[in-house]
*Asks:* 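After the structure tokens below, expect a handful of questions from me.
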2 protein chains.
Amino acid sequence: MTQEQFAKYSFLLDRTARKVKQYAQQQFKLGEFDVTVDQWLVMKNLSENGPLSQTELAGLVFKDHPTLTRIVDLLSKKGYVERVPHPLDRRSFQLHLTEEGLSKVSALRPKILEIREKAWENLNEKDFEEFKRILNTIYQNLDGQVLEE
Amino acid sequence: MTQEQFAKYSFLLDRTARKVKQYAQQQFKLGEFDVTVDQWLVMKNLSENGPLSQTELAGLVFKDHPTLTRIVDLLSKKGYVERVPHPLDRRSFQLHLTEEGLSKVSALRPKILEIREKAWENLNEKDFEEFKRILNTIYQNLDGQVLEE
DNA sequence: TACAAATAATTAGTGTGACAAATATATGAA
DNA sequence: TTCATATATTTGTCACACTAATTATTTGTA
């Protein structure tokens with residue numbers, strides 16, 4: 001394995017990740033979902049684990065704080081998410097989905113699961129395991145931290 | 001394999017790709033390379049395949065035209081790349097590295113190859129093959145086009 | 001108690017990614 | 001030759017990523 005190869009794999013990884021996101025975003029647009037792929041990720045996590053502070057949520061979706069602030073701003077403008085002052089810590093908010101946000105999640109979830117499926121055609125169970133293992137190895141090589149299942 | 005799993009893999013792919021880019025960018029900054037990861041990709045391709053039109057270069061680095069225009073703008077401001085009018089087609093440019101750009105590439109290439117290596121520790125030859133195959137399968141699933149080796 | 005250090009969130013600035021539309025030029029068919 | 005169509009590049013807009021700096025508040029320690 002030459003060093004040149006490593007650079008090629010980095011390129012391939014980047015290109016594929018962008019393709020997956022781009023495809024999903026196109027389908028989101030076709031379906032008039034009214035949210036972006038990243039906004040969806042935030043709403044989905046809130047629906048499953050909320051209410052959460054922004055710091056907690058940023059950790060879950062692996063986004064930095066400025067990015068999350070802006071995503072929450074957008075979702076808040078759209079009326080899907082609300083910032084509620086934390087009762088004990090005035091620096092912090094509890095984020096939760098509004099009624100509208102909840103019904104949005106219910107409506108979109110099955111459609112999005114279906115969209116996500118497309119990328120993984122022509123791959124089998126063993127491929128997924130390998131893929132997950134390799135991705136996690138790469139992540140840990142650069143992060144030094146342990147990942148949960 | 002449940003649909004939920006596909007969504008998780010999509011997330012994992014995105015997160016890992018961002019980590020790889022983030023790590024490289026941090027090292028670029030530490031080393032005061034004076035270019036971003038994407039700018040480097042453009043310069044590297046120009047040094048290996050140039051001179052090229054923007055359309056040709058965009059295809060090689062898998063970026064859309066507006067993005068490439070802006071990257072070339074920045075590299076041009078930094079004095080690493082020059083737009084030379086195409087002798088036969090006045091719509092088009094031939095891009096080439098300047099003297100400064102060439103020496104930049106020579107200076108950075110070995111350092112960057114070393115940085116790129118880090119992500120792939122703890123993986124073996126067979127892993128790379130699998131990884132490449134799976135990434136290409138995903139790409140083709142969403143693109144419908146055939147990829148070259 | 002007082003005050004330095006830590007934490008939660010935001011703002012600002014730059015770069016990149018996607019998409020649509022605009023501009024300039026080239027090409028091919030009537 | 002002319003004109004519709006295609007091609008190369010740019011511009012504009014919105015969203016996301018990363019860094020650094022800022023604001024407001026809390027916590028730990030002298």
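Letters A, B, ... are given to chains in the order of the sequence lines, protein chains preceding strands, and every chain is numbered from 1. Keep in mind that this is a model prediction, so the values were computed, not measured.
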*Asks:* Starting from P on C:dA24, measure out to CZ on B:Phe93 and report it in whole angstrom.
*Replies:*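 In whole Å, C:dA24 P lies 13 Å from B:Phe93 CZ.
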*Asks:* Without decimals, in angstroms, what is the distance between A:Tyr23 OH and C:dC19 C1'?
*Replies:*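 That distance rounds to 18 Å.
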*Asks:* Should B:Lys77 and B:Asp73 count as an ion pair when the cut-off is N to O under 4.0 Å?
*Replies:*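 Looking at B:Asp73 together with B:Lys77, the answer is no, because their closest N to O distance does not fall below 4.0 Å.
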*Asks:* What is the bend of the helix from C:dT1-D:dA30 to C:dA30-D:dT1 when you compare the axis at one end with the axis at the other, using five pairs each and rounding to 10°?
*Replies:*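 Computed from the C1' atoms at both ends, the axes differ by 0°.
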*Asks:* In whole angstroms, how far is the P atom of C:dG15 from the CG atom of B:Asp34?
*Replies:*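 Distance check: B:Asp34 CG to C:dG15 P gives 11 Å.
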*Asks:* Do the ring planes of B:Phe33 and B:Phe28 sit parallel (below 30°), tilted (30 to 60°) or perpendicular (above 60°)?
*Replies:*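 It falls in the tilted class, 30° to 60°.
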*Asks:* Would you give a per-nucleotide map of nucleotides 13-20 of chain D, 5' to 3', where B means the base has a protein non-hydrogen atom under 4.0 Å away, S means only the sugar-phosphate does, and - means neither?
*Replies:* B-SSBBBB
*Asks:* Taking 4.0 angstrom as the limit, do B:Glu114 and B:Lys111 come out as a salt bridge?
*Replies:*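 Between B:Lys111 and B:Glu114 there is no salt bridge, as every charged N stays at least 4.0 Å from the carboxylate O atoms.
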*Asks:* So, does A:Thr55 get its side chain near the phosphate of C:dA9, meaning an N or O under 4.0 Å from OP1 or OP2?
*Replies:*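 Yes, because at least one side-chain N or O of A:Thr55 sits under 4.0 Å from OP1 or OP2 of C:dA9.
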*Asks:* So, using side chain to side chain donor-acceptor pair (under 3.5 Å) as the criterion, who are the partners of A:Asp38 when residues are at least two apart?
*Replies:*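 By the side chain to side chain donor-acceptor pair (under 3.5 Å) rule, A:Asp38 matches A:Lys21, A:Lys63.
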*Asks:* Report each atom pair, protein N/O against N/O of nucleotides 23-29 of chain D, whose distance is under 3.5 angstrom.
*Replies:*
unit_1	atom_1	unit_2	atom_2	d
D:dT25	O2	A:Arg91	NH1	3.4
D:dT26	OP1	A:Arg90	N	3.1

*Asks:* Would you confirm whether B:Gln94, through its side chain, and B:Val84, through its main-chain N or O, come within 3.5 Å as a donor-acceptor pair?
*Replies:*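 Not a single qualifying donor-acceptor pair exists.
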*Asks:* Taking atom P of C:dA26 as reference, at what distance in whole Å does atom NE2 of B:His86 sit?
*Replies:*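 Roughly 11 Å, once rounded to whole Å.
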*Asks:* According to side chain to side chain donor-acceptor pair (under 3.5 Å), who are the partners of A:Lys44, at least two apart in sequence or on a separate chain?
*Replies:*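 For A:Lys44, no residue satisfies side chain to side chain donor-acceptor pair (under 3.5 Å) once neighbours in sequence are set aside.
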*Asks:* NA contact type, B:Ser92, heavy-atom cut-off 4.0 Å: base, sugar-phosphate, or nothing?
*Replies:*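 The answer is sugar-phosphate, as B:Ser92 gets under 4.0 Å only of primed atoms, P, OP1 or OP2.
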*Asks:* Can you name the side chain to side chain donor-acceptor pair (under 3.5 Å) partners of B:Glu82, sequence neighbours left out?
*Replies:*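 Counting only residues at least two positions away or on another chain, B:Glu82 forms a side chain to side chain donor-acceptor pair (under 3.5 Å) with B:His96.
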